[in-house]
*Asks:* 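One structure, as structure tokens, below. Some questions next.
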Amino acid sequence: MVLEYKAQVILDRFMKRRYTTLHEQCSNATNTMGSDSMIISMESTVPIYIQIAQGIENDIINGILIENESAYSQYQISREYQINPATAAKGINILVQEGILFKKRGLGMFVSIGAGGAIKRKRKEIFFNTTIDNFMQEAKKLSIDKKELKRMIDEYEEE
Amino acid sequence: MNVITTQSLTKKYKDIIALDEFNISIPENKIIGLIGKNGAGKTTLLKACAGRIRQTSGEVKIFGEKVFDNLDVLSKIVFVDEESQYDDSFRVKDIFALAACYYQSWDDDLAQKLIKHFALKQTQKYKKLSRGMKTQVNIIIGICARMPLTILDEPTLGLDAAVRKDFYNILLRDYMNHPRTIIISSHLLNEIEILLEDIVLIDKGKVLMNVPVEEFRNYSVALVGESTFLKEFVQDKEVLDESSLGNASKYVIKNEITEKEKKHLVSNSIDIQSVSSQDLFIYLTSKGGFYEEF
Amino acid sequence: MKNSNYIKNAYKGLLLNFYFDYKSLISVSAIITLSLVVFDFLVTIIVLQFSNSMSNENSGVLVVGFVTMLIALGIYASLSTSKSEMKAKFAFPINRMTFAVSNLIALILGSLTMLMVITMIAPIEVVLFSIAAKFSDKLIYVNEVTLNTYLIGFISSWVYMIAFGSILHCMFMFIRRYTLVSLIVIAALILSVITFGWLGNIVRFLFLEQSLFMLVLKLGVISLVLNVLAFIPTKTMEVA
């Protein structure tokens with residue numbers, strides 16, 4: 001009896017951790033909460049250069065970086081977070097490839113016009129593909145049916 | 001251009017094989033971390049690259065040329081370790097005067113700034129300095145020499161955490177202003193990995209890995225959850241480490257999970273966690289059968 | 001050209017390095033010599049109280065200084081070839097050739113400086129004893145040094161010092177690198193010089209010479225040869 005109980009406690013603990021990780025993954029993907037724009041987490045499964053890209057995206061959405069104005073250079077990011085500039089450059093390059101940032105000859109990195117919209121669209125897609133998926137899976141495991149879910153969404157009020 | 005190229009580089013000390021048919025190519029203008037256990041061959045490799053020691057067999061070329069006693073190449077290298085490598089009876093200012101003489105690209109302004117920053121007494125004799133201060137002198141010279149190949153062998157031994165952080169900051173900024181090839185060997189992987197672009201993992205005198213740091217960080221992943229399920233799941237996976245507590249197990253495996261497998265794991269309450277570089281390093285160097293891959 | 005710049009910097013740095021080395025060497029020997037001179041003076045004065053007469057050649061300081069400097073060079077040769085000292089020199093970008101050459105240059109300039117320092121101490125002895133002689137009837141001070149003899153002494157001392165320094169440098173270099181073999185060879189050499197007469201003749205031929213010009217020539221060649229020899233063990237020497 002005691003052994004089973006102990007195992008259950010451990011499993012619960014693992015379950016709780018899974019929640020945290022899920023939540024973390026959610027907020028990483030759709031961080032529209034306006035919280036700290038760029039904190040580099042070494043414990044995350046998300047590669048650092050992607051965290052940097054996401055951080056820049058957050059700053060764009062939150063209005064810290066303005067469209068058609070200067071964005072961060074790899075050196076600024078490197079200095080601020082004490083990371084290798086090549087890693088920062090990699091993160092910036094992802095955004096350049098996606099058209100969110102562009103390079104002005106001799107002036108550095110700039111935020112593309114429409115970047116904010118593009119980012120929101122991208123994250124919306126991730127939200128529908130990944131977050132909803134995980135959400136529904138979790139609900140299924142806890143035997144919460146769709147009717148109950150819909151009711152919860154309707155009754156949900158932002159505090 | 002590769003700044004360092006070794007071919008079957010071997011170094012034996014009596015019956016100890018420090019470097020065993022070591023083959024590596026290191027490109028220029030990057031910050032590269034050299035990690036390995038004590039006795040893995042890090043210092044031997046770095047000293048061979050700096051022309052301090054001669055290989056038993058094989059070759060090591062720096063900037064395309066043999067390095068031993070070659071002034072053309074040696075004039076492009078600065079080697080710093082935590083040992084007392086300058087004349088003990090010289091004063092701090094004498095040592096810096098020498099550095100200014102020898103190194104063409106010596107930045108005396110920066111050197112003076114750093115001496116002041118670390119509060120080093122210029123008139124003090126090198127031997128009278130504390131261990132930490134000696135290390136500071138060594139790394140100031142290493143940074144201000146601005147050599148195209150800068151080798152820092154455990155440069156932070158004897159420094160406390162705050163000073164270490166300071167040093168990383170200074171190194172990074174100077175590297176950005178004056179790009180060059182910097183090779184750092186350190187035990188404190190967790191501290192330095194963020195500075196690195198590439199990681200070279202060395203064990204028992206051989207190269208285990210030579211990859212970009214992001215690849216290293218994402219090389220493995222930890223699966224935590226119910227033991228029987230996991231045991232079955234990892235059957236065809238490369239397991240680096242395993243541990244269990246009751247019904248729960250933690251398997252560290254090579255990160256080759258497909259999206260489909262990920263969903264399968266999540267739906268079975270398996271937690272997917274990241275593995276720190278330090279831990280990965282430990283797993284890779286305690287296991288025996290990894291050589292076949294590389 | 002890049003090449004010559006590196007060599008220039010190597011020599012600049014090495015000469016500065018040797019300058020620091022010899023600075024302490026010379027100051028120490030100068031102090032010792034000066035103290036010996038003053039000590040000698042005081043002893044003479046005291047002894048004079050108890051004896052009737054005494055004469056003192058003023059070549060005293062020159063000889064004392066010379067011997068002191070030789071000993072200093074010897075000690076320096078043994079210390080500078082130690083592992084840590086070599087490591088200290090090779091911590092900077094140099095090669096073995098520039099090291100060997102600047103070592104010889106430093107020896108030449110260093111011994112020159114040492115002799116000039118002795119030259120400056122010499123008048124002190126003259127002054128001290130001349131004053132003492134004025135106040136005492138017991139003391140007769142004879143100064144036999146002329147400019148000519150002095151210059152001859154200076155130059156011959158100089159080449160002797162260079163040769164001596166070179167011999168010891170070469171010897172210690174071989175000892176550090178090939179310890180057992182070198183010690184055996186050196187011991188054998190010394191023994192054979194003592195036992196075999198003809199070897200003694202060779203030594204006398206090499207080192208004792210009346211003509212200044214020939215002396216400079218012989219010792220110059222010996223020094224050069226020895227420095228080239230000393231270069232050999234460094235060729236494969238590691239500086240870990």
Side-chain angles (χ1 to χ4, degrees), chain B residues 11 13 18 43-44 46-48 50-56 62-63 65-81 83-91 93-106 125-127 137-138 141-142 145 147-149 151 153, chain C residues 1-28 72 75-76 78-103 106 177 230-240:
Chain B
K11 178 68 181 173
Y13 291 106
T43 300
T44 310
L46 295 178
K47 285 193 172 163
R52 298 282 170 103
I53 62 175
R54 277 169 73 234
Q55 64 270 32
T56 309
I62 311 293
F63 295 114
E65 295 181 50
K66 289 196 181 148
V67 62
F68 192 79
D69 206 34
N70 182 346
L71 193 59
D72 281 343
V73 177
L74 288 172
S75 301
K76 298 182 183 143
I77 304 175
V78 66
F79 176 88
V80 163
D81 64 6
E83 279 175 20
S84 183
Q85 67 172 345
Y86 302 113
D87 199 317
D88 268 348
S89 60
F90 287 179
R91 299 184 189 276
K93 62 181 168 97
D94 293 339
I95 298 175
F96 281 105
L98 277 175
C101 232
Y102 276 114
Y103 298 115
Q104 231 162 355
S105 35
W106 176 259
K125 290 205 173 180
Y126 191 63
K127 62 180 166 210
V137 168
N138 291 357
I141 293 182
M147 288 282 106
L149 174 56
I151 301 177
D153 188 8
Chain C
M1 228 217 93
K2 271 199 298 188
N3 222 321
S4 63
N5 259 339
Y6 295 150
I7 296 179
K8 214 168 39 153
N9 282 347
Y11 276 116
K12 258 201 314 183
L14 272 167
L15 288 176
L16 182 62
N17 204 333
F18 279 113
Y19 164 71
F20 289 137
D21 281 352
Y22 275 87
K23 207 165 64 153
S24 35
L25 191 69
I26 295 173
S27 4
V28 168
I75 296 175
Y76 174 70
S78 83
L79 291 176
S80 71
T81 48
S82 72
K83 200 159 183 225
S84 56
E85 281 298 313
M86 291 300 273
K87 192 177 163 183
K89 297 242 163 43
F90 280 87
F92 293 107
I94 60 172
N95 62 8
R96 281 132 187 89
M97 173 68 80
T98 51
F99 172 76
V101 173
S102 36
N103 183 60
R177 189 92 172 89
F231 173 71
I232 296 172
T234 64
K235 252 305 173 180
T236 54
M237 175 187 72
E238 294 185 338
V239 275

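Convention: sequence-line order gives letters A, B, ...; per-chain numbering from 1.
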*Asks:* If you tally heavy-atom pairs under 4.5 Å against chain B, which of Met237(C), Arg96(C), Glu85(C) wins?
*Replies:*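 Heavy-atom pair counts peak at Arg96(C).
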*Asks:* Is chain C contacted by the side chain of Ala50(B), its backbone, both, or neither, given a heavy-atom distance below 4.5 Å?
*Replies:*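 Interface part for Ala50(B): neither.
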*Asks:* Check whether any side-chain heavy atom of Leu16(C) sits under 4.5 Å from a side-chain heavy atom of Tyr102(B), and report yes or no.
*Replies:*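 A side-chain contact under 4.5 Å is absent here.
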*Asks:* Listed by chain and number, what are the salt bridge (Lys or Arg N to Asp or Glu O under 4.0 Å) partners of Lys235(C), not counting sequence neighbours?
*Replies:*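 So Lys235(C) forms a salt bridge (Lys or Arg N to Asp or Glu O under 4.0 Å) with Asp69(B).
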*Asks:* I need the Ile7(C) CD1 to Asp72(B) CG distance, nearest 0.5 Å.
*Replies:*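 It comes to 7.5 Å.
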*Asks:* To the nearest 0.5 Å, tell me how far Phe92(C) CZ sits from Leu98(B) CG.
*Replies:*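 If I round to the nearest 0.5 Å, the distance is 5.0 Å.
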*Asks:* Looking only at non-hydrogen atoms, find the nearest pair between Leu71(B) and Ala10(C) and report the distance.
*Replies:*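 For Leu71(B) versus Ala10(C), the nearest heavy atoms are CD2-CB, 4.0 Å.
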*Asks:* Using 0.5 Å steps for rounding, measure from the OH atom of Tyr6(C) to the NZ atom of Lys76(B).
*Replies:*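 NZ of Lys76(B) is found 4.5 Å from OH of Tyr6(C).
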*Asks:* Heavy-atom pairs under 4.5 Å with chain B - which of Ile94(C), Thr98(C), Thr234(C), Asn9(C) has more of them than the others?
*Replies:*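 The residue among Ile94(C), Thr98(C), Thr234(C), Asn9(C) with the greatest pair count is Asn9(C).
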*Asks:* OG of Ser89(B) to NZ of Lys23(C): how many Å apart, nearest 0.5 Å?
*Replies:*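 That separation rounds to 11.0 Å.
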*Asks:* For residues Ala91(C) and Tyr103(B), report the shortest heavy-atom separation together with the two atoms involved.
*Replies:*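 That would be O-OH, 3.8 Å.
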*Asks:* Identify which part of Ala97(B) has an atom lying under 4.5 Å from any heavy atom of chain C, answering side chain, backbone, both or neither.
*Replies:*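 Both parts, backbone and side chain.
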*Asks:* Does a side-chain N-to-carboxylate-O contact under 4.0 Å join Glu238(C) and Lys47(B)?
*Replies:*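 Answer for the salt bridge query: no.
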*Asks:* Under 6.0 Å from the CE atom of Met97(C), do we count more than 12 heavy atoms belonging to anything else shown?
*Replies:*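 Atom CE in Met97(C) is not packed in, count stays at 12 or less.
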*Asks:* Side chains of Asp21(C) and Phe90(B): does their closest heavy-atom pair fall under 4.5 Å?
*Replies:*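 Side chain of Asp21(C) against side chain of Phe90(B), heavy atoms only: contact under 4.5 Å found.
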*Asks:* Below 4.5 Å from any heavy atom of chain C, which atoms of Phe79(B) appear? Answer side chain, backbone, both or neither.
*Replies:*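 Neither part.
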